[in-house]
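Structure first, commentary second.
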Protein chains: 2
Amino acid sequence: MRIGELSKKTGVASRMLRYYEEQGLISPTRLDNGYRDYQDYLIDRVGKIRGLVDSGIPSRIIVDILPCLDQEQDIVVRNVEPGLRDLLAQERDRMSQKIDFLTQNRDAITKYIAALDEAATEAPLASAS
Amino acid sequence: MRIGELSKKTGVASRMLRYYEEQGLISPTRLDNGYRDYQDYLIDRVGKIRGLVDSGIPSRIIVDILPCLDQEQDIVVRNVEPGLRDLLAQERDRMSQKIDFLTQNRDAITKYIAALDEAATEAPLASAS
DNA sequence: TGCAACCTTCACATAAGTGGTAATGTCAAA
DNA sequence: TTTGACATTACCACTTATGTGAAGGTTGCA
């Protein structure tokens, strides 16, 4: 499919799809006319990229992570560069840390919101008095 | 305490502490000589800031979140700006989303690493053959 | 007195986008 | 077949966020 179609299916602007290609995150083939040609599996992949980017993972890391996330078939374990396992383990730990931080802070905010709501219920005159 | 001491206690460079002040994340008072004077509670606060920044939360959001995280005493519910509750709820949801994404991806990476290790155990000749 | 710690300010760095322009390709209707 | 609308291309410059580096001056302290 061409860039416009992929853009509609993923909700990611064409502009961004070209940008992600520039970053090495996706590599569509080209049609005779020079247009980019995206395969179906890239729809899913773009979603994963957005998820990772939104999670604050830098794109140079995403490049390494992506192959591990495309696991529709068996996991491919051939041609593993020596440092990759460690890099992945490192990134996995960083992600665990992030998850812990976020969970802690989200829970704190949740409690705070609950307190706000309770206060509003008990004494709703604060702003009107 | 002065900036150097806080820097040592938090592991955050003085440069960064000044930068966070510029971003409105911390507001030390000043001594007569113009030096910044940090109170003790800011040690904890700087740690929280680092955690949030590392989790990919933009600093303009952190400014809003921080007061909710400083809950050593009772939760302060006075003078709540009208939009704040919604903003917090919104951010809480975004954080939940991030947590889900991260968890999913971390688990995928964990599985991948396990597969790598297993392959290395079963056929350790791959790189030597 | 001399050096380390501190101050401000300006500029630069990197990552992740965004915007604008000009040229080319596609397609359908006149 | 030509015209017009729209998609796509490449390229360049700009923006925002998060820092970092360095210059040049002031303060603290041994």
Side-chain angles (χ1 to χ4, degrees), chain A residues 1-39 42-43 45-66 91 94-95 97-98 101-102, chain B residues 1-39 42 45-66 91 94-95 97-98 101-102 105:
Chain A
M1 90 198 73
R2 297 191 317 196
I3 199 167
E5 194 181 341
L6 181 62
S7 172
K8 266 182 202 149
K9 287 190 177 168
T10 60
V12 175
S14 308
R15 191 70 181 73
M16 288 306 302
L17 294 174
R18 290 192 203 99
Y19 176 67
Y20 287 149
E21 181 180 350
E22 200 180 302
Q23 303 300 305
L25 298 176
I26 42 179
S27 304
T29 54
R30 295 290 179 139
L31 300 170
D32 290 343
N33 54 20
Y35 283 20
R36 290 168 179 82
D37 186 33
Y38 297 87
Q39 340 240 167
L42 289 173
I43 300 172
R45 181 137 176 171
V46 169
K48 284 174 179 167
I49 291 172
R50 281 308 324 166
L52 289 166
V53 170
D54 287 345
S55 300
I57 315 282
S59 62
R60 62 188 163 73
I61 301 291
I62 297 181
V63 173
D64 293 322
I65 292 180
L66 275 179
E91 195 53 32
R94 257 200 292 275
M95 289 168 93
Q97 266 196 338
K98 266 191 194 186
F101 266 124
L102 281 169
Chain B
M1 89 197 71
R2 298 191 317 196
I3 198 167
E5 193 181 341
L6 181 61
S7 173
K8 266 181 203 153
K9 288 190 178 171
T10 59
V12 176
S14 305
R15 192 69 182 73
M16 287 305 304
L17 294 174
R18 291 193 202 99
Y19 174 68
Y20 287 149
E21 181 179 350
E22 198 181 304
Q23 303 302 305
L25 297 176
I26 42 181
S27 304
T29 54
R30 296 289 179 138
L31 300 170
D32 289 344
N33 55 19
Y35 283 17
R36 290 168 179 81
D37 185 33
Y38 297 88
Q39 339 240 167
L42 289 174
R45 181 136 175 173
V46 168
K48 284 175 179 166
I49 291 172
R50 281 306 326 164
L52 289 166
V53 170
D54 287 343
S55 301
I57 314 285
S59 63
R60 60 189 164 72
I61 302 290
I62 296 181
V63 173
D64 293 321
I65 291 180
L66 274 178
E91 196 52 32
R94 257 199 292 275
M95 289 168 95
Q97 265 195 339
K98 261 192 194 188
F101 269 126
L102 281 170
N105 292 327

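Just so you know, these numbers come straight off a predicted model, no measurement behind them.
- Protein atom CD of A:Glu21 is 11 Å distant from nucleotide atom C1' of D:dT9, rounded to whole Å.
- At D:dG19, one or more side-chain N or O atoms of B:Tyr20 fall inside 4.0 Å of OP1 or OP2 (strictly under the cut-off).
- For the segment residues 49-60 of chain A, residues with any heavy atom less than 4.0 angstrom from an atom of DNA chain C are, sorted by number, A:Arg50, A:Val53, A:Pro58, A:Ser59.
- Here A:Ser27 pairs with nothing under the side chain to side chain contact (heavy atoms under 4.5 Å, CB included) rule; sequence neighbours left out.
- By the salt bridge (Lys or Arg N to Asp or Glu O under 4.0 Å) test, A:Arg18 pairs with no residue at all, sequence neighbours left out.
- Looking at residues two or more places apart in sequence or on another chain, you find a side chain to side chain contact (heavy atoms under 4.5 Å, CB included) between A:Arg50 and A:Val12, A:Met16, A:Tyr20, A:Val53, A:Asp54.
- Counting only residues at least two apart or on different chains, the salt bridge (Lys or Arg N to Asp or Glu O under 4.0 Å) pairs with a member in residues 7-17 of chain A are A:Glu5-A:Lys9.
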Which letter, B, S or -, goes with each nucleotide of nucleotides 3-13 of chain C from 5' to 3', with contact meaning a protein heavy atom under 4.0 Å?
--BSSB-B---

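- Considering only heavy atoms from C-beta on, B:Ile65 stays 4.5 Å or farther from B:Lys48 through its side chain.
- Of all the heavy atoms in A:Gly51 and A:Ser55, the pair that sits closest is O-OG, 2.7 Å.
- Distance CD1 (B:Ile61) to P (D:dA17): 11 Å, rounded to an integer number of Å.
- As a whole-Å value, the separation of A:Leu31 CG from D:dT9 P is 9 Å.
- Annotation: side chain of A:Leu6 is in contact with side chain of A:Leu17 (closest heavy-atom distance under 4.5 Å).
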